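Notes to accompany the following structure.
First listed ligand is number 1; within each ligand, the first listed atom is number 1. Quick caveat, the model's predicted, so the values are computed rather than measured.
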Amino acid sequence: MIPASNHDPAEIARFDATAQRWWDPHGEFRPLHVLNPVRLDYIDERVGGLADKRVLDVGCGGGLLSEAMARRGANVTGIDLGTATIEVAELHALEAGVPVGYLRESAEDHAAHSPGVYDVVTCLEMLEHVPEPASVLRALHTLVKPGGDVVVSTLNRNLKSWLLAIVGAEYVMGLLERGTHTYSCFIRPSELARWSRGADLVMCDIAGLDYDPLREKAARSSNVDVNYMMHLRPA
Ligand code: SAH
């Protein structure tokens with residue numbers, strides 16, 4: 001059974017309240033701007049080239065990744081439950097002249113009417129904001145074509161990720177708004193792999209994403225202690 005509304009309205013409202021600043025490279029979404037080229041390259045590589053692929057970006061926010069994937073030649077649809085968020089994403093794509101289709105919809109609802117449509121499904125930095133991540137993973141499996149690719153990213157749950165992603169980013173450096181992340185919702189790679197298996201998705205690869213807030217640099221790494229990405233395929 002797929003829950004019809006597997007989302008936290010307070011979370012969606014919080015992202016909506018800051019939606020005007022999605023594209024401000026100096027605003028609270030700065031870490032995502034810095035991480036974007038690194039995660040884009042990872043996805044491009046893992047899926048064997050984004051060009052001409054039909055891609056769904058789940059929890060697309062203001063469209064940082066959706067637009068970047070479209071610029072690589074993918075045919076991208078972005079979905080998110082935030083009304084202001086989707087408006088900002090639509091306007092930015094229009095102004096930038098990048099063709100991306102946006103819908104205000106959850107992964108579960110989209111899966112109900114578009115099963116097996118996408119070559120690639122991405123869901124970055126969203127699972128740790130959702131009440132039941134396992135349900136989202138089942139929806140991602142439904143949405144991807146047999147033989148297609150799913151790429152997700154999230155934050156690991158341990159002392160280091162708490163210190164860096166919450167204490168450091170929200171309280172010491174003021175990079176993120178306080179309350180952006182809830183430690184108990186962070187997801188260990190073993191949990192993500194377990195829920196994925198439950199959704200008939202097989203893990204093909206895992207990679208860490210290092211973010212250095214002082215130098216404002218990001219890099220792919222083998223260290224999955226904090227931010228990490230996982231490449232999955234339907235079993
Ligand atoms: N994936 C984007 C944005 C991450 S921020 C990026 O990495 O650049 C998390 C986004 O997930 C927010 O825009 C929020 O509105 C959205 N979100 C949270 N829960 C959701 C849900 N259940 N369904 C769809 N979108 C959701």
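Counting protein heavy atoms only, atom 9 (C) of ligand 1 is closest to Glu125 O, 3.4 Å. If you check which protein heavy atom lies closest to atom 15 (O) of ligand 1, you get Asp80 OD1, 2.7 Å. Looking only at protein heavy atoms, the nearest one to atom 3 (C) of ligand 1 is Gly59 O, 3.3 Å. Nearest to atom 6 (C) of ligand 1 among the protein's heavy atoms is Arg39 NH2, 3.3 Å. Nearest protein heavy-atom neighbour of atom 23 (N) of ligand 1: Leu81 CD1, 3.5 Å. The protein heavy atom nearest to atom 18 (C) of ligand 1 is Ile12 CD1, 3.5 Å.
Under a hydrophobic clustering in which Ile, Leu, Val, Met, Phe, Trp and Tyr are joined whenever their side-chain heavy atoms come within less than 4.5 Å, directly or via other members, Met229 and Leu232 fall into different clusters. Under a hydrophobic clustering in which Ile, Leu, Val, Met, Phe, Trp and Tyr are joined whenever their side-chain heavy atoms come within less than 4.5 Å, directly or via other members, Tyr228 and Val38 fall into different clusters.
Near Val130, the atoms of ligand 1 lying under 4.0 angstrom from a non-hydrogen atom of the residue are 19 (N), 22 (N). The distance from ligand 1 to the heavy atoms of His7 drops below 4.0 Å at these ligand atoms: 22 (N).
The part of Cys60 lying near ligand 1 is the backbone, judged by heavy-atom distances below 4.0 Å. At a heavy-atom distance under 4.0 Å, only backbone atoms of Asn6 (N, CA, C or O) approach ligand 1.
Formation of a donor-acceptor pair under 3.5 Å by the Glu170 side chain with backbone atoms of His181 is found in this model. Distance alone, capped at 3.5 Å, is enough to place a donor-acceptor pair between the Ser161 side chain and the Asn156 backbone.
Below 30°, between 30° and 60°, or above 60°: for His92 and Trp23 the angle between ring planes is below 30°, a parallel geometry. Aromatic ring pairs are classed by plane angle as parallel below 30°, tilted from 30° to 60° and perpendicular above 60°; the pair Trp22 and Phe15 is parallel.
Proximity of Met126 to ligand 1 is established by a heavy-atom distance of less than 4.0 Å.
Between the side chains of His129 and Asp8, no donor N or O sits under 3.5 Å from an acceptor N or O.
The distance criterion of under 3.5 Å between nitrogen or oxygen atoms is met by Leu124 with respect to ligand 1. Residue-to-ligand polar distances keep Trp22 apart from ligand 1: every N/O pair is separated by 3.5 Å or more.
Counting heavy atoms of neighbouring residues, nucleotides and ligands inside a 6.0 Å radius, atom CG of Asp52 does not exceed 12 of them.
Between Thr85 and the options Asp16, Asp80, Thr18, a side-chain hydrogen bond (donor to acceptor under 3.5 Å, both in side chains) holds for only Asp16.
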